[in-house]
Amino acid sequence: MPGLTLESRLDGAVGGKTASALEKAFGMRTVGDLLAHYPRRYARRGELTPISSLPLGEPVTIVAEVVRASERRMQNRKGSLLEVVISDGEGSMSLTFFNQSWRMKDLAPGRRGIFAGKVGEYRGATQLTHPDYELFDDEDSARQTAQAQAAVPIPIYPATSTVASWQFTKIVDLVLDGLDEVADPLPDELRIRHALATAREAIEWIHRPHDEQQYALARQTLRMHEAFVLQAALLQQRNFVRALSATKREPGDLLARFDAALPFDLTPDQISVGAQVERDLRGDWPMNRLVQGEVGSGKTLVALRAMLQVAQSGGQSALIAPTEVLAGQHLRSIARMLGPGLAPELMPTLLTGQMPAAERRKAALRTASGQARIVVGTHALLSDSTTFADLGLVVVDEQHRFGVEQREALRAKGTSPHALVLTATPIPRTVAMTVFGDLDVSTIRTMPAGRAGIQTFVAPLAERPGWFARVWDRIAEEVGNGHQAFVVCAAIDSDALAKDEKPEAEKLEGEAEKTRWGVVQVADLLSRHPAFADIRVEILHGKMPSDAKDAVMQAFARGDIDVLVATTVVEVGVDVPNASTMAILEADRFGVSQLHQLRGRVGRGGVPGLCLLVTEAPPGSPARQRVEAVAATLDGFELAEVDLELRGEGDVLGDAQSGARSSLRLLRVVKDADLIAEARVAAERVLAEDPALVRHRGLDAAIARRVSTEDRAALART
């Protein structure tokens with residue numbers, strides 16, 4: 001019978017029932033999926049887990065010793081209750097089993113084993129109800145000495161209520177026993193230089209190590225596998241794009257007229273990044289460039305100049321934005337920058353899902369006919385009914401809000417169109433290399449002249465509750481001086497939130513359990529506040545109809561509203577130069593990058609900006625650290641690194657960039673930065689010598705396993 005490969009189906013390896021349970025619990029379908037589910041830690045037979053540190057309500061897997069077991073009849077219902085007390089030598093907890101007296105024979109005092117279940121509490125004591133367990137076999141010392149047995153690490157896997165850790169161990173044992181040789185994804189030279197294990201050894205040793213050295217080497221080897229395979233996949237995708245032919249877009253009269261009419265000089269970074277984009281648009285293959293820069297650094301201007309270069313030859317550009325508010329803002333901004341001379345020629349057109357049907361039909365017709373050479377929209381641009389005459393450039397604003405599939409669905413509406421991705425969330429070098437490795441990255445650091453800047457302060461209500469009143473007085477003072485203000489909340493209605501509505505801001509470690517201040521509650525407070533009697537206050541949130549949202553934003557921009565109480569819908573694209581102040585309530589509920597983005601809405605004109613980060617998070621907590629980090633610097637690139645360190649790359653990467661890019665299992669983009677950089681260089685060398693990977697079948701197979709068919713289809717459209 002032929003052995004198993006990493007591509008073998010699980011049902012053929014472990015049986016249909018087990019395979020079905022694994023797919024339901026972990027999404028596994030192949031032997032490779034199973035063996036890539038690595039232990040999260042290793043226990044020892046002599047080790048006892050501190051029971052006092054077990055978190056209530058969480059599933060745990062622990063090594064412990066049985067102290068005593070007793071059975072009694074239940075008073076209120078039929079049957080018996082078996083109570084077993086286990087200990088780590090210092091603390092203890094109970095295991096309870098209903099009507100299972102036969103377990104008394106197994107759970108004798110002195111027996112050790114692994115116990116798994118959800119930690120509960122009864123009369124102030126921790127307990128596991130009907131836990132799964134596996135006791136260590138004390139009789140197998142004939143095979144090994146007790147000392148040797150105690151030294152063998154026990155893998156503890158991420159588990160579920162249906163598949164316990166040791167059940168997973170038994171399944172892995174079965175599969176490993178039948179596994180054939182595994183082709184190595186690493187070139188021999190790279191593996192030998194780093195003294196790494198072979199692929200088959202690494203898989204064996206991470207699941208069945210004889211000692212600590214084996215699993216340490218296995219993890220080191222598999223980290224390099226992750227880095228090398230991911231970089232090779234991204235570089236291979238970049239090569240695929242460069243093999244396509246693109247329509248060359250030469251700059252001409254439109255761009256020259258636009259530049260001549262600009263009332264200000266471009267910044268040095270706008271000039272250099274603009275030159276890179278101009279070269280890309282004239283190249284033989286489609287541009288695939290990411291432009292990152294601070295809020296207000298002029299990324300939209302760079303994108304608009306690229307659109308003019310494409311429009312010169314009759315081509316169209318599509319800009320997709322994450323929200324209706326932002327799409328509307330972009331359209332007005334583009335029309336304003338084009339001015340009365342160029343706007344009628346290019347006919348910038350808005351296309352969103354919430355537009356009235358008649359307006360949408362008109363916009364779709366202008367787009368399909370090629371009359372609109374600049375089209376701005378939301379997800380409506382992706383619909384089958386939206387077609388273009390000659391889509392030459394796709395601009396994606398705020399890439400982190402879109403998955404790869406959405407970006408590529410838009411690109412598929414043209415013939416190898418160029419792509420420009422914009423982000424105001426600065427990306428650490430290692431994240432850019434890991435997530436956007438198939439894109440060329442440009443950075444705008446210099447800010448336009450004339451910005452008054454922003455001061456940021458923490459209002460720490462945990463220590464100084466009286467400062468809450470001062471926040472409202474300070475906002476009223478700014479309005480009294482002729483300026484406008486934002487108040488940002490984490491939710492629309494904090495009372496409704498208690499009934500399972502999720503906050504619009506992300507829930508982060510260290511925050512208070514309940515959101516106290518939603519938009520509804522703040523608007524109510526200000527309606528009764530004496531200092532706000534003559535102040536015009538309006539609300540804005542994502543659940544309002546799009547025409548109502550747009551009306552509020554335009555009224556705020558005109559100065560008809562003094563204070564805008566909003567959710568994070570104002571995070572990007574809202575440009576009101578007269579807005580001087582922003583108060584962010586419960587700021588600890590927001591991420592570092594999100595806070596930095598939000599405060600970028602003030603201090604955009606000649607008026608100095610003031611941002612007040614209101615928080616009840618206690619001093620020293622991770623939530624408070626995030627808020628204080630934002631107050632300490634205006635450098636978004638520095639904050640991006642802080643964010644990565646405080647939250648970890650799992651949160652920073654997110655899961656919208658497709659499994660090909662975010663499913664890091666052992667690799668850590670901060671700690672393994674040098675390894676990732678070296679893997680990229682090695683992958684470039686391999687692909688330069690063997691683009692089709694004919695001589696590197698192990699790498700080719702590893703890329704196919706790591707990048708699913710769906711991911712590959714999405715990546716192939718880049």
Side-chain angles (χ1 to χ4, degrees), residues 237 241 244 246 286-290 300 303 306-307 310 315-331 334 347-423 436 438-439 542 545-546 549-550 569 572-573 654-662 708-718:
Q237 174 52 35
V241 172
L244 299 172
M287 172 174 70
N288 222 22
R289 185 169 292 278
L290 171 74
T300 307
M307 293 177 192
V310 169
Q316 294 170 284
S317 297
L319 188 159
I320 185 168
T323 66
E324 302 245 346
V325 169
L326 183 52
Q329 288 273 329
H330 271 311
L331 184 82
I334 286 170
M347 198 172 286
T349 297
L350 183 67
L351 185 57
T352 72
Q354 298 299 313
M355 293 169 67
E359 278 185 42
R360 184 170 173 175
R361 275 196 300 273
K362 283 183 191 173
L365 185 60
R366 284 199 296 269
T367 301
S369 66
Q371 190 180 15
R373 282 188 271 176
I374 295 177
V375 184
V376 180
T378 55
H379 292 76
L381 294 179
L382 305 176
S383 99
D384 291 339
S385 61
T386 304
T387 59
F388 294 82
D390 178 16
L391 182 59
L393 172 66
V394 170
V395 180
V396 180
D397 191 32
E398 292 308 324
Q399 169 64 31
H400 67 286
R401 299 288 191 90
F402 295 97
V404 171
E405 292 80 2
Q406 292 165 313
R407 185 196 346 153
E408 307 327 324
L410 183 54
R411 286 191 73 171
K413 292 177 179 287
T415 304
S416 303
H418 300 281
L420 189 61
V421 176
L422 309 178
T423 180
F436 300 107
D438 57 332
L439 301 177
S546 63
K549 285 186 289 193
D550 210 43
V569 72
V572 288
D655 58 6
Q657 299 307 322
S658 92
R661 300 170 184 208
S662 60
S708 70
T709 306
E710 294 82 2
D711 292 331
R712 174 61 71 196
L715 288 170
R717 291 192 294 269
T718 35

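What you see is a predicted model; the values in this text were computed from it and never measured.
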Residues that Thr387 engages under side-chain contact (heavy atoms from CB on, under 4.5 Å), provided they are two or more places apart
Ala368

Within this structure, what is the CG-CD1 distance for the pair Leu422 and Ile320, rounded to the nearest 0.5 Å?
12.5 Å

If you look at every heavy atom in Leu331 and Pro348, which pair is closest and at what distance?
CD1-C, 3.7 Å

Leu319 side, atom CG; Thr300 side, atom OG1 - distance, nearest 0.5 Å:
7.5 Å

For residues 352-367, dump all side-chain donor-acceptor pairs below 3.5 Å to protein atoms at least two apart in sequence or in another chain.
from: Thr352; atom 1: OG1; to: Glu324; atom 2: OE1; distance (Å): 3.2
from: Arg366; atom 1: NE; to: Thr349; atom 2: OG1; distance (Å): 3.3
from: Thr367; atom 1: OG1; to: Ala363; atom 2: O; distance (Å): 2.8

Show me the pairs that pass salt bridge (Lys or Arg N to Asp or Glu O under 4.0 Å) and involve residues 382-393, at least two apart or across chains.
Arg249-Asp390

Lys413 side chain near Leu381 side chain, heavy-atom distance below 4.5 Å:
no

Is any side-chain heavy atom of Leu391 closer than 4.5 Å to a side-chain heavy atom of Val375?
no

Do you know which two heavy atoms are closest between Leu420 and Ala303, and how far apart they sit?
CD2-CA, 3.8 Å

Of the non-hydrogen atoms in Leu393 and Ala419, which two are nearest, and what is the gap between them?
CD1-N, 4.3 Å

Give the minimum heavy-atom separation between Ser385 and Ser383, together with the two atoms involved.
OG-OG, 2.8 Å

Within a strict 4.5 Å, meaning less than it, do heavy atoms of the Thr323 and Lys549 side chains meet?
no

Taking atom CE of Met347 and atom CD1 of Ile374, what is their separation to the nearest 0.5 Å?
12.0 Å

Which value, rounded to the nearest 0.5 Å, describes the distance between Gln237 atom CD and Leu439 atom CG?
9.5 Å

Check Ala246 against Pro286 and note the closest heavy-atom contact, atom names and distance.
CB-N, 3.5 Å

Passing candidate, side-chain contact (heavy atoms from CB on, under 4.5 Å) with Val421, options Asp397, Leu290, Val395
Leu290

